[in-house]
Amino acid sequence: MSVQAETSEEGVYSFAAMEAKWPAIWDELKVFTPLDDGSRERRYVLDMFPYPSGDLHMGHAEAFAMGDVVARYWRQLGYDVLHPIGWDSFGLPAENAAIKHNAHPSEWTYTNIDTQAESFKRYAISVDWSRRLHTSDPEYYRWTQWLFKRFHDRGLAYRKNSPVNWCPKDQTVLANEQVVNGACERCGTIVTKKSLNQWYFKITDYADRLLEDMDQLKGHWPERVLAMQRNWIGRSEGAHVNFVIEAAGEKAEQQLTVFTTRPDTLYGATFFVVAADAPLALELVTPEHAEALSDYREQVKKLSDIDRQSTEREKTGVFTGRYAVNPLTNELLPVWAADYVLADYGTGAIMAVPAHDQRDLDFARAFDLPVRAVLDTGAEDPAVSGVATAGEGTLINSGNLDGLSKAEGIPAAIKILEELGTGEKFVNFRLRDWLLSRQRFWGTPIPIVHCESCGEVPVPDDQLPVRLPDNLRGEALSPKGTSPLAAATDWVNVPCPACGGAARRDTDTMDTFVDSSWYFMRFASPDYTEGPFDPATINDWMPVGQYVGGVEHAILHLLYARFFTKVIHDMGLVEATEPFSRLLNQGQVLNGGKAMSKSLGNGVDLGEQLDKYGVDAVRLTMIFAGPPEDDIDWADVSPSGSAKFLARAWRLGQDVASAPGTDPSTGDAALRSATHRMVHDTKALIDGHKFNVVVARLMELVNATRKVIDTGAGAADPAVREAVEAVAVVLSLFAPYTAEDMWNQLGHPASVVNAGFPAVDASLLVEASVTAVVQIQGKVRDRLEVAPDISDADLEALALASENVKRTLDGRGIRKVIVRAPKLVNIVPA
RNA sequence: GCCCGAGUGGCGGAAUUGGCAGACGCGCUGCACUCAAAAUGCAGUUUCUUCGGGAGUGUGGGUUCGAGUCCCACCUCGGGCACCA
């Protein structure tokens, strides 16, 4: 079907005519540019900025429709709204396209950005285009480099040699957050391990604050995002316990620390395990066991992370020939090397308490090691049952700890260890430092020069930005395991900024998540040249009042952005300690129950939808489909239905026959009441993100108004004008073209954006009469039309007089009557 | 295995503090307009019914005058984490 008339003649709804007419006028009036002068309270709305891959798709259309509702709503409420847009324009796809087409990544990138920008303009998102930014612009990445240097000054950016995640396809390292089920988050290739010297951000220093500050976000961020972050940070309370490893042959005595959450079970430790793949295992092993260990390490290396982490797998390991001394009992515990202990969690070594830890018990049974229960839980002895007991109980076989519960035993054991000087309370985190270097071209260069005599020397601020060379194209960019920048010899070789001697630039570039960790602050002053943002205005806008984006960034981007904000706060540059006060995760757009994809051939082309139904109908469909967090199945929704509604609403504007400014007080009372209720309820509904319900309420009011025009008080009734004006203003949150056109038809100058939210007359929220329900035993038996201010006694009398009630009671007595005037009476028969 | 979230008509989804379940829309059916169709408008649409009424919000219990909503147990689906000591 098509609701669009080819002409824009009077009286015919034509989305094409509106889309041609209004953008230039909005531009001229600068309606989306914040005043930024302090005359109004400021609010900041932000959609996660897009990556410029091709043109906009249905997913963008949904996300930006949601963010735009909030931006337009806040403008109607009279706030000075900052709603900017930019592009996350560094990244691999540009580079891959450049290799394929023998071009420079910037060509592909900026062409796509321009295409997307044009589509966004057509889509009428209410953003201030003058603040547009791109992270691949030197004026932007200059400040990314500047921030990197400040992190470096504070010891928060450092290099270390360590086993890292390596994606063989993309030929670059990955952060932990970018490995999903052992595969590259970007391309799905199974990730391998490599030992490399890489740059890291010390996000672990902020683990506690990242966790604690989530209290500020509770209730304002989706619970599942908070849960995922909590999980990822993985705070775990316990103790560090020091063990002496006895000398053996030429191997001298050593000290080893383990992390445990169960220091109360120390008396039950019967062996000791170190991560087989850690260097520690090689340090410990005696010559007699060295060959067995190295064979075992080879075997472990061959396993993929997925196989290795399977809990189904039989436990494996080898004895190292060494013994650890239990600090409480002086008992000797054999030290094993096994792959079930992870090298990069805790200290890479554990005390094994098989009776109370299933993994340790499985290992003990595989290698016939002793099992000693030290906590009586009432369950069968784990040595017999094969099931470790981890629950509550009473400590036994534990010296001074005997008789204590698990909860009492933990602090008691820590106290004993502290007195012996051989352990202490410790909080361990799962979170690792953020690996930020990438062996790829299209990213922010790391502003460091490596000098033989001076070491790592930061590039002086006045020499920033370190620009990417523009003479590398096509094949020269192909991934080869080291950064393509290394081949740009004239770029790489520079004098050392400190001593002037021959030196080399760092050839890695930064993870693109670095770029996106602070862009929201740059929007406050995108053209500022003296720093990353203007200190005079940053606190006027930060934090972002409403952030909108997909849940796929629940950990990655959102955790990094929170970390950056805290560090920048600590640098004294911003007051906010959290970047985003409220977060809305929009769902995905599916087709036929599945995500749209080329391989399934179920993609829906946004441009085609817009051509067919118009921008407003597509936006309205996105909003009306359901709660913003839910996925939208395009096969289940009806853009033609949305178009039909928009035309109906628009025709109301045509029909209004009273002059602008008409006093509504003499108008149809029922319609006035409906109008004011709609406006009143809209506020709470928008605040609760129930945009779909607002649309339903609009539909009701449009239907009611139609009825009044056609079969009631008529088009000249002032209540009709009042209703239609309210429809236009509220509709402007979802369907900007139609609303603007209606506003114009109603005789108002542009723009409806500045119309202001209609005032609510509280006296009109009460209806003339309400329907009271009469129940017997909770079942509805009658309905009564009563005055809204009827008393409980009067309502009860009316209810008892009802014929239906008398018949149903059929002579039975009444035990009790519950009255909730004016809505309900419930009669309980004897 | 652990942690979140969710189960309501043919479909998407509504339902402040427990108080008329199914708002609004899609689809479908019928009617009007039309030579006809499209578009548009109007009416109907949880289900069973002996037309009095009965049943009904994943299942089974419970609290209450009254439960989609609160409590307990379970089932199913979605998501996250997972040999994390």
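Here is how names work: the chains are called A, B, and so on, in the same order as the sequence lines, proteins then strands, and each is numbered from 1. This one's a predicted model, so the numbers in the text were calculated from it and none came from an experiment.
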| query | Under 4.0 Å between a Lys/Arg side-chain N and an Asp/Glu carboxylate O for R230(A) and E223(A)? | reply | yes

| field | Under-4.0 Å side-chain N/O to phosphate OP1/OP2 contact, R648(A) with G41(B) | value | yes

| remark: For U57(B), the nucleotide meeting Watson-Crick or G-U wobble distances (both under 3.5 Å) is none

| task | Could you please name the option among G25(B), A55(B), C81(B) that lies closest to any side-chain atom of F624(A)? | result | G25(B)

| So, F367(A) versus W336(A), ring centres under 6.0 angstrom or not? | yes

| query | Roughly, in whole Å, what's the span from CG in N231(A) to P in A82(B)? | reply | 8 Å

| query | Just checking N428(A): base, sugar-phosphate only, or nothing, at a heavy-atom cut-off of under 4.0 Å? | reply | nothing

| note | Checking N1-N3 plus N6-O4 or O6-N4 for Watson-Crick, or N1-O2 and O6-N3 for wobble, each under 3.5 Å, the partner of G7(B) is C75(B)

| query | Does C2(B) pair with anything, Watson-Crick or G-U wobble, both distances under 3.5 Å, and if so, with which nucleotide? | reply | G80(B)

| Does G41(B) have a Watson-Crick or wobble mate here (both distances under 3.5 Å), and if so which one? | C31(B)

| field | H557(A) and H553(A) aromatic ring geometry - parallel, tilted or perpendicular at 30°/60° bounds | value | perpendicular

| Among U40(B), A85(B), G54(B), which is the nearest nucleotide to the side chain of K644(A)? | U40(B)

| task | Decide whether W634(A) and Q609(A) meet the rule of one side-chain donor and one side-chain acceptor closer than 3.5 Å. | result | yes

| said: Taking atom types as they are modelled, would you say the side chain of K823(A) forms a donor-acceptor pair with the base of C20(B) within the 3.5 Å cutoff? | reply: no

| task | Output the single nucleotide from C20(B), A82(B), G54(B) whose closest atom is nearest the side chain of V773(A). | result | C20(B)

| message | Tell me whether the side-chain N/O atoms of K690(A) come closer than 4.0 Å to OP1 or OP2 in A15(B). | response | yes

| message | Any donor-acceptor pair under 3.5 Å linking the side-chain atoms of N428(A) with those of S236(A)? | response | no

| request: Using only heavy-atom distances, decide whether a donor-acceptor pair under 3.5 angstrom links the side-chain of R820(A) to the base of G19(B). | output: yes

| When we call it a touch if two heavy atoms are under 4.0 Å apart, what does R235(A) touch: a base, just sugar-phosphate, or nothing? | nothing

| task | In whole angstrom, give me the gap between the C1' atoms of U46(B) and C20(B). | result | 16 Å

| note | When D344(A) and I818(A) are each assigned the nearest nucleotide of RNA chain B, the 5'-most assignment goes to I818(A)

| field | Mate of A21(B) where both pairing distances stay under 3.5 Å, Watson-Crick or G-U | value | none

| request: For N703(A), report the nucleic acid contact type (base, sugar-phosphate, nothing); a contact means any heavy atom under 4.0 Å. | output: sugar-phosphate

| task | Answer with base, sugar-phosphate or nothing: what part of the nucleic acid does N692(A) contact at a heavy-atom distance below 4.0 Å? | result | sugar-phosphate

| query | If only side-chain N and O atoms of S236(A) are considered, is one of them under 4.0 Å from the OP1 or OP2 phosphate oxygen of A85(B)? | reply | yes

| query | Hey, does the side chain of R706(A) come within less than 4.0 Å of C42(B)'s phosphate (OP1/OP2), counting only N and O? | reply | no

| note | With syn meaning chi within 90° of zero and anything else anti, the base of G5(B) is anti

| field | Y267(A) side chain to N326(A) side chain, donor-acceptor N/O pair below 3.5 angstrom | value | no

| message | Can you tell me which nucleotide in G54(B), A85(B), C20(B) comes closest to the side chain of T771(A)? | response | C20(B)

| Given A82(B), is OP1 or OP2 found less than 4.0 Å from the side-chain N or O atoms of R430(A)? | yes

| Any side-chain N or O of N826(A) under 4.0 Å from OP1/OP2 of G19(B)? | no

| task | Measure from CG on L620(A) to P on G12(B) and round the result to the nearest Å. | result | 19 Å

| Contact class for P627(A) (heavy atom, under 4.0 Å): base, sugar-phosphate, or nothing? | sugar-phosphate

| note | Rounded to whole Å, the CH2-P distance (W634(A) to G25(B)) equals 18 Å

| For G52(B), does the glycosidic angle fall within 90° of 0 (syn) or outside that (anti)? | syn

| message | Considering every strand and a 4.0 Å limit on heavy-atom distances, what is the contact class for V637(A): base, sugar-phosphate, or nothing? | response | nothing

| request: Using a 4.0 Å heavy-atom cut-off across all strands, classify R224(A) as base, sugar-phosphate, or nothing. | output: sugar-phosphate

| Centres of the F645(A) and F624(A) rings: under 6.0 Å? | no

| said: Under 4.0 Å, heavy atoms only, any strand: does Q358(A) hit a base, just the sugar-phosphate, or nothing? | reply: nothing

| field | Watson-Crick or G-U counterpart of C70(B), or none if no pair lies under 3.5 Å | value | G62(B)

